[in-house]
Amino acid sequence: MPQTVASPARRTSIGDMIFEGLATGAGVLVLVLLGAIILSLFIGGLPAFRAFGFGFLTSDDWDPVKEIFGSVVPIYGTIVTSIMALIMAVPVAFGIAFWLTELAPAWLRRPVGTAVELLAAVPSIIYGMWGFFIIVPFMGTYVQPFVIDLLGDLPGIGFLFQGPPFGTGIFTAALILGVMIIPFIAATMRDVFQTVPPVFKESAYGLGCTTWEVMRAIVIPYTRVSVMGGIMLGLGRALGETMAVTFVIGNTNRIATSIFGPGNTIASLVALEFPESPAGSLKLASLLALGFLLFVISFIVLAISRMLLRSGAKA
Amino acid sequence: MSGAALSSSPSRDATVADRLSRNRRNQDRLVQALCLLATAIGLAFLLLILATLLYLGAKGLSLGVFTTVTKPPGSHGGLLNAIIGSLIQTGLGTLIGTPIGLLVGTYLAEYSAGSKLGDAVRFVSDVLLSAPSILIGLFVYTVLVSPFGGFSGLAGSVALAVIVIPIVVRTTEDMLRLIPVAMREAAVALGAPKWKAIVFICYRAALDGIATGVLLAIARIAGETAPLLFTSLGNLNWSLSLAQPMSSLPVTIYQYAGSPFDDWVDLAWVAALLITFGVLALNVLARIVLRPRS
C-alpha cells in the first residue's frame, strides 16, 4: 500500500487501523453524498418526468392551474444570464489579474488582492438586495431608457433593446451575476499567471517586449488551459446563483426577445415557487426535476473546469 | 540627432522603427490603463456595496435590534431570534461539517496516494465546493424535511454542514501536504504509530491553515440563504428548538427586503449590515491567521 511514511509492519497498531478506517470512510462518505444528491433530486423529480416525459424538456409552459410544467424558459434564462455575465466579467477579471500580477506596485498587491477576494465573500443575498434597491432603479431611470432610445429603433437588432424600462430583467440579473463572479475568475487567473516561470518572461523582456506583449505572447499561451478552467469555474458559479437573481430578474415565465425583458432562471423559479408547492404535488416534483437538470448542467461545467485546471497545472 | 533632417535611407529606417516602437509602447500604455480601470471597477463595486450598507443599515441600528424579536410591521421589532438562529445553525453546521472535512482531507493527503478512490474523492469534493447551494437545500429537504414531516433548525444545520465539508477538505489537504516528510519520519522513528504522527505532529503543524479553512467555511455558511429556505424555513417567532423551523439573518433579509413595509425593509438593511461585516471580518481574520506561515 503506497504511503508517504510506512510504519514498520509489525508495529501497525489497532489505532492506525481505526484512524485509517475513519479517514477512508469519510472519503467514501463524500462520494455517497454526491450520489445521494443526484439520486434524491432524480427520485423527487420522477413524477414530473413520468407525467410530461420528454415534453418537460421541450415545453415552455409553467401553468400551476392546469398543472402543466416545462423547463424551457428557466433553462434558457439560466444559460443566457450566465453567458451574458461571463461576457461582462471576463474582461474585467482579466484586467484585475493582469494588474495584480504584472503592473501593481508591490505594496498594493496584497491589499487590493484581498479586497477583490472580499468581493467574493459578500453573501449573495446582499448582492440581491443591493441590486434590487440600488441597481434596479438606476437601470430603470438612466441606463435602460437611454439605451432603448438609442438602439431600440435600429433595423435588425433593435428588438434586442426594446420594451418598457422596468429596471429589472435579464440584463440586470446578468450584470449582478457578472459582478459576483469577477473575483472568482480574477483570483484563478492571478494564481495561474503566477505559475509562469520568471525566466520565460525575463527572456521576452530581454528581447525588448513591452509588458502587454509579454502577457500576450508568453503568459496567455502558457496558461491558456487553466485560464479556460477559471472561466468555466465562474460559469459554474453563475448557473446556480439563486438569491441575487431572484431579486432582480423580474420572475416571468416567458422568453423575452429584449435583453431588458423579464425572465427567470432554474434557481430563481425554484426559490420563488417552492413555498407555494405542497409536499407530494406535481409542482414540487417539477421543481425537484428542475433542480436535477441544474445539477446535471453545473456538474458538467464544473467537471470540465476541474479537468482544465488540473491539466493546466500539470503542463 | 541632426541626421533626422536628412532623407537618407538609414535615418528613414530609424523613423519607421521609432514609430513602430511608439505604437507598441502606446498600445502597452492603453492596455495598462484599461487594467487599472478594471481593478478600479472591481474595487468600486465593493466600496459601493459597503457604503450602501453603512448608509442604509447604520441608521436603523439600535440596541433594540439585538434585544427584541421579529414582530409584525409597525411594532418596533428587532432581530434577536434571527441572530440567535443564525448563530445556532452556523455553529452546529460547522461542528458537524468540520470533523468530516478534516478526516476527508487527512485521507486525501496521507492515505490516498496513487489510489483511484482518492482521485475520485478529490474530484467530487472539488465539484461540491462550487455546486449550487440551492441544490444542497433541495437535497436536505428530500431526505430530512419531507420524510420527517417538517422544516427544522436541525435540517438547516445539516444543509450548512454539507457546504462546510468541501471547504475544510480543500484547506486541510493543502496544508497537510505542506508539512515536510522529515517531520513524519522523525515521529515514526521515535516509535509513534502513523495516526499519532498525523494527529499530534501534522495537525499541530498545520493548525493555522486548518483554522483558516474553518473560518472561511463559517464565513461562507453564515451568509447562505438558499439552502435554508428549504430546510429551516425561517421563523418569525421566538424558538430555540432544533425540531422546529428556525429563523436566521439571511432568510429574514429575504422575507423583509421584499416586503412592502418600510420598517421591515429598514430592519433588512440592518441585518444585511450585520451579516456582511461579520462575514468580511471573519475573512480578514482568516487571512491574518494564515499570514505568518505563508
Side-chain angles (χ1 to χ4, degrees), chain A residues 2-5 7 11 13 15-16 19-20 22-24 26-27 29-31 33-34 37 40-41 44 92 95-96 98-99 103 112 114-116 118-119 121-123 125-126 129-130 134 179 182 210-212 233 236-237 240 242-243 267 270-271 274 279 288 291 294-295 298-299 302-303 306, chain B residues 24-25 27-28 31-32 34-36 38-39 41-43 45-46 49 52 100 103-104 106-107 110-111 113-114 120-121 123-128 130-132 134-135 138-139 142-143 146 181 184-185 188 193-195 219 223 225-226 229-230 250 253-254 257 268 272 275-276 279-280 283 287:
Chain A
Q3 292 181 2
T4 341
V5 180
S7 306
R11 289 192 47 118
S13 68
D16 263 346
F19 192 72
E20 181 169 358
L22 274 175
T24 313
L29 180 73
V30 170
L31 298 184
L33 203 58
L34 180 83
I37 293 174
S40 72
L41 293 175
V92 179
I96 293 175
F98 185 18
W99 193 79
L103 305 173
V112 173
T114 305
V116 172
L118 289 185
L119 198 57
V122 173
I125 179 99
I126 305 300
M129 192 178 174
W130 176 74
I134 308 294
V179 176
I182 283 173
T210 61
T211 317
W212 167 236
L233 185 68
R237 286 272 172 178
T242 311
M243 302 322 294
V270 171
F274 179 82
L288 290 167
L294 176 60
F295 195 90
S298 38
F299 185 86
L302 291 171
R306 282 295 141 196
Chain B
R24 287 173 51 220
R25 267 180 284 141
Q27 196 185 26
D28 188 50
V31 173
Q32 293 200 12
L34 287 175
C35 288
L36 190 62
T39 311
I41 290 174
L43 294 183
F45 275 117
L46 181 66
I49 292 172
T52 310
I100 301 175
L103 279 171
V104 179
T106 308
Y107 166 71
E110 308 286 339
Y111 291 104
V121 171
F123 176 77
V124 166
S125 177
D126 281 349
V127 168
L128 283 179
S130 308
I134 187 172
L135 299 181
L138 281 179
F139 159 65
T142 59
V143 298
S146 70
V181 178
R184 297 157 222 250
E185 284 172 345
V188 173
K194 186 172 177 178
W195 72 271
T225 317
L229 285 178
F230 314 120
I253 295 175
Y254 181 56
I275 205 82
T276 307
V279 164
L280 294 189
N283 268 277
R287 279 169 180 79

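Chain A is the first sequence line, chain B the second, and so forth, proteins listed ahead of strands; every chain is numbered from 1.
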Between [X] and [Y], is any pair of side-chain heavy atoms under 4.5 Å apart?
| X | Y | answer |
| --- | --- | --- |
| A:Val122 | B:Leu46 | yes |
| B:Leu138 | A:Leu41 | yes |
| A:Thr114 | B:Arg287 | yes |
| A:Phe19 | B:Thr106 | yes |
| B:Thr225 | A:Thr242 | no |
| A:Leu29 | B:Leu103 | no |
| A:Ile126 | B:Val279 | no |
| B:Leu36 | A:Leu103 | no |

Please identify each residue that fulfils side chain to side chain contact (heavy atoms under 4.5 Å, CB included) with A:Thr24, with sequence neighbours left out.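 So A:Thr24 forms a side chain to side chain contact (heavy atoms under 4.5 Å, CB included) with A:Glu20, B:Tyr107, B:Leu117.
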Output the option from [options] having the highest count of non-hydrogen pairs under 4.5 Å with chain B.
| options | value |
| --- | --- |
| A:Leu22, A:Leu294, A:Val116, A:Ile134 | A:Leu294 |
| A:Leu288, A:Val30, A:Val92, A:Leu233 | A:Val30 |
| A:Ile182, A:Leu34, A:Thr211 | A:Thr211 |

How long is the span from the [atom1] atom in [X] to the [atom2] atom in [Y], to the nearest 0.5 Å?
| X | Y | atom1 | atom2 | result |
| --- | --- | --- | --- | --- |
| B:Gln27 | A:Thr210 | CD | OG1 | 7.0 Å |
| B:Leu34 | A:Trp212 | CG | CH2 | 9.5 Å |
| B:Ile49 | A:Trp130 | CD1 | CH2 | 4.5 Å |
| B:Asp126 | A:Leu302 | CG | CG | 10.0 Å |
| B:Ile275 | A:Ile125 | CD1 | CD1 | 10.0 Å |
| B:Tyr111 | A:Asp16 | OH | CG | 5.5 Å |

Give the minimum heavy-atom separation between [X] and [Y], together with the two atoms involved.
| X | Y | answer |
| --- | --- | --- |
| A:Gly15 | B:Trp195 | C-CD1, 3.3 Å |
| A:Gly95 | B:Ala38 | CA-CB, 3.9 Å |
| A:Ala271 | B:Ile134 | N-CD1, 4.2 Å |
| A:Ala26 | B:Val104 | O-CG2, 3.3 Å |

By a 4.5 Å heavy-atom criterion (distance strictly below it), what part of [X] contacts chain A: side chain, backbone, both, or neither?
| X | value |
| --- | --- |
| B:Thr52 | side chain |
| B:Thr142 | side chain |
| B:Ala272 | both |

* Who among B:Ala120, B:Gly42, B:Ser130, B:Ser125 has the most heavy-atom pairs with chain A under 4.5 Å? ->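 Ranked by heavy-atom pairs under 4.5 Å with chain A, first place is B:Ser130.
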Q) Contact part of A:Met129 toward chain B, heavy-atom cut-off under 4.5 Å: side chain, backbone, both or neither? A)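 Looking at A:Met129, backbone and side chain both touch chain B.
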